[in-house]
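So you know, we letter chains A, B, ... as the sequences are listed, proteins then strands, and number each from 1. Keep in mind that what you see is a predicted model, and the values were worked out from it rather than measured.
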Amino acid sequence: MIVTPGWYMALAAVLFSIGGAGVLVRRNALVMFMSIELMLNSVNLTFVAAGTGLGLIEGQVAALFVIVVAAAEVTIGLAILVAVFRGRATANVDELSSLGG
Amino acid sequence: MTIGDWLTESANWAFLFLAIPTFVASVMVVSSRNVVRAVLYLVIALGGSAALFLMLGAEFVGWTVVLVYIGAVIILFLIGIMITRAPLTKSVDLSHPISAKAPAALLSVLLFGVVAWAVVESFGLETIPLPEEATRTGEIGLSIFTSWVIPFEVVSFVLLAALIGGIVLARKDEPAEVP
């Protein structure tokens with residue numbers, strides 16, 4: 001009896017929820033990005049655990065694609081943050097409310 | 001199977017040894033009051049999950065996480081902290097006030113319930129042993145370049161677009177030169 005993929009998936013579900021809580025609770029855009037990275041990484045863990053459990057290589061391939069998209073996402077997110085910071089001098093998402101009425 | 005049986009297996013100890021620091025570091029990422037510390041806790045969380053990938057036999061994914069996340073993304077975050085002049089010590093307005101945390105906690109628990117239900121629903125509680133051997137990186141390359149060539153090309157275009165978009169978005173708008 002050894003650790004089975006289910007344990008990894010349970011851990012991934014916990015990490016995903018922690019990341020989701022971080023996105024909801026934080027109001028600094030940078031730390032929200034970090035929480036999103038946590039969520040994406042837990043999804044990778046699920047992909048790899050499922051692929052290993054089912055004996056498929058596609059789980060790891062999907063995880064690699066997720067890593068690439070996460071890197072692109074963080075690049076664009078930080079570029080947007082820099083552009084916003086140049087106009088507003090804040091990274092606090094609560095103060096970026098000009099779209100609201 | 002009892003707890004005692006479970007604890008006699010060394011792989012379980014290795015799992016706990018990696019999973020508990022990963023969990024604690026993730027909690028600290030979303031609760032730390034210091035931005036730089038949050039980034040450094042993210043390093044621990046990502047390093048723990050990279051080691052978990054290695055334990056799952058996914059060597060290439062594990063080392064890619066080390067290179068891309070810990071190597072590049074963490075540096076990007078630190079540069080972001082520098083550029084947005086986030087306070088390097090404790091900051092008061094990093095999180096929402098307590099009144100907003102209760103719905104967030106509720107939503108997070110609901111999220112966990114949905115994800116856990118989906119996993120149990122699709123995989124059940126049956127035990128699938130992990131393979132003894134690591135996946136060879138060559139197999140992943142073969143899979144990417146035979147079955148998944150088109151997604152691979154699409155993802156390379158996504159990276160190119162992110163590269164150009166990052167430069168365009170973050171560049172200062174120079175006033176147009178008058179000849």
When rounded to the nearest 0.5 angstrom, what is the spacing between CG in A/Leu38 and CG in B/Leu46?
-> 6.5 Å
Among the clusters formed by ILVMFWY side chains lying less than 4.5 Å apart, do A/Val66 and B/Ile70 turn up in the same one?
-> yes
Heavy-atom pair with the smallest gap, counting every atom of B/Val115 and A/Ala13 | CG1-CB, 3.6 Å
Contact check, side chains of B/Phe77 and A/Glu37, non-hydrogen atoms, under 4.5 Å = yes
Is it true that B/Met28 and B/Tyr69 fall in one hydrophobic cluster, defined by side-chain heavy atoms closer than 4.5 Å?
-> yes
Taking the side chain as C-beta and beyond, is there a heavy-atom pair between B/Phe112 and A/Phe16 under 4.5 Å?
-> no
Given a strict heavy-atom distance threshold of 4.5 Å, which part of B/Pro103 is in contact with chain A: side chain, backbone, both, or neither?
-> neither
For A/Arg26, is it the side chain, the backbone, both, or neither that has a heavy atom closer than 4.5 Å to a heavy atom of chain B?
-> both
ILVMFWY cluster, A/Val82 and B/Ile79 together (side-chain gap under 4.5 Å) | yes
Rounded to the nearest 0.5 angstrom, the CG-OH distance for B/Leu18 and A/Tyr8 is 7.5 Å
Does any heavy atom of chain A fall under 4.5 Å from the side chain of B/Ile140, the backbone, both, or neither of them?
-> both
Of the backbone (N, CA, C, O) and the side chain (C-beta and beyond), which part of B/Ala72 lies under 4.5 Å from a heavy atom of chain A, both, or neither?
-> neither
Roughly how far, to the nearest 0.5 Å, is CG of A/Leu78 from CG of B/Leu169?
-> 11.5 Å
Top residue by heavy-atom pair count (under 4.5 Å) with chain B, among A/Asn41, A/Val84, A/Leu81?
-> A/Asn41
Count the heavy-atom pairs under 4.5 Å between each of A/Val61, A/Val23, A/Leu30, A/Leu15 and chain B, then report the option with the highest count.
-> A/Leu30
Considering all heavy atoms of both residues, which atom of B/Ala104 and which atom of A/Val25 are nearest to each other, and what is their separation?
-> CB-CG2, 3.6 Å
Option that, when pairs with chain A are counted at under 4.5 Å, heavy atom only, ranks first among B/Val155, B/Thr64, B/Leu163 | B/Val155
Proximal component of A/Val31, with respect to chain B [non-hydrogen, under 4.5 Å] | side chain
Report whether B/Leu111 and B/Val114 are members of the same hydrophobic cluster (ILVMFWY, side-chain heavy atoms less than 4.5 Å apart, transitive linking).
-> no
Cut-off 4.5 Å, heavy atoms of chain B, and the answer for A/Val68 is both
Given that the side chain runs from C-beta out, which part of B/Ser156 has a heavy atom under 4.5 Å from chain A: side chain, backbone, both or neither?
-> neither
Of all heavy-atom pairs linking B/Gly165 and A/Ile76, the shortest is C-CD1, 3.9 Å
Chain B shares the most heavy-atom pairs under 4.5 Å, among A/Met32, A/Arg86, A/Glu58, A/Glu73, with A/Arg86
Might you confirm whether atom CZ of A/Phe47 has over 12 heavy atoms from other residues, nucleotides or ligands at distances under 6.0 Å?
-> no
If you round to the nearest 0.5 Å, how far is CG of B/Leu52 from OG of A/Ser42?
-> 12.0 Å
Derivation and outcome, side chain to side chain contact (heavy atoms under 4.5 Å, CB included), residues A/Ile67 and B/Val65 | CA-CA 7 Å; A/Ile67 289 173; B/Val65 165; 3.7 Å; yes
Rounded distance [0.5 Å steps], CG in A/Leu11 versus OG1 in B/Thr22 | 6.5 Å
Looking at CD1 of A/Ile57 and OG of B/Ser143, how far apart are the two atoms once the value is rounded to the nearest 0.5 Å?
-> 6.0 Å
Interface moiety of A/Ala21 toward chain B, non-hydrogen atoms closer than 4.5 Å = both
Chi angles and distances behind the side chain to side chain contact (heavy atoms under 4.5 Å, CB included) call for B/Val73, A/Phe33 = CA-CA 11 Å; B/Val73 170; A/Phe33 279 130; over 6 Å; no
With a 4.5 angstrom heavy-atom cut-off, could you sort out which part of B/Ala19 is near chain A: side chain, backbone, both or neither?
-> both
Grab the two heavy atoms, one from B/Ala58 and one from A/Gln60, that are nearest each other, plus how far apart they are.
-> CB-CD, 3.6 Å
Measure the shortest side-chain to side-chain distance between A/Met34 and B/Tyr41 over non-hydrogen atoms and say whether it is less than 4.5 angstrom.
-> no
Partner chain B: residue of A/Val69, A/Thr46, A/Leu45, A/Ile80 with the largest heavy-atom pair count (under 4.5 Å) = A/Leu45
Residues A/Ile18 and B/Val30: closest non-hydrogen pair is O-CG1, 3.5 Å
Among the clusters formed by ILVMFWY side chains lying less than 4.5 Å apart, do A/Leu56 and A/Met9 turn up in the same one?
-> yes
Give a yes or no on whether the backbone of B/Gly166 and the side-chain of A/Thr75 come within a donor-acceptor separation of less than 3.5 Å.
-> no
Please work out whether the ring planes of A/Phe65 and B/Phe152 are parallel, tilted or perpendicular, with thresholds of 30° and 60°.
-> tilted
Residue from B/Ile167, B/Leu76, B/Val27, B/Val109 scoring the most non-hydrogen pairs under 4.5 Å with chain A is B/Leu76
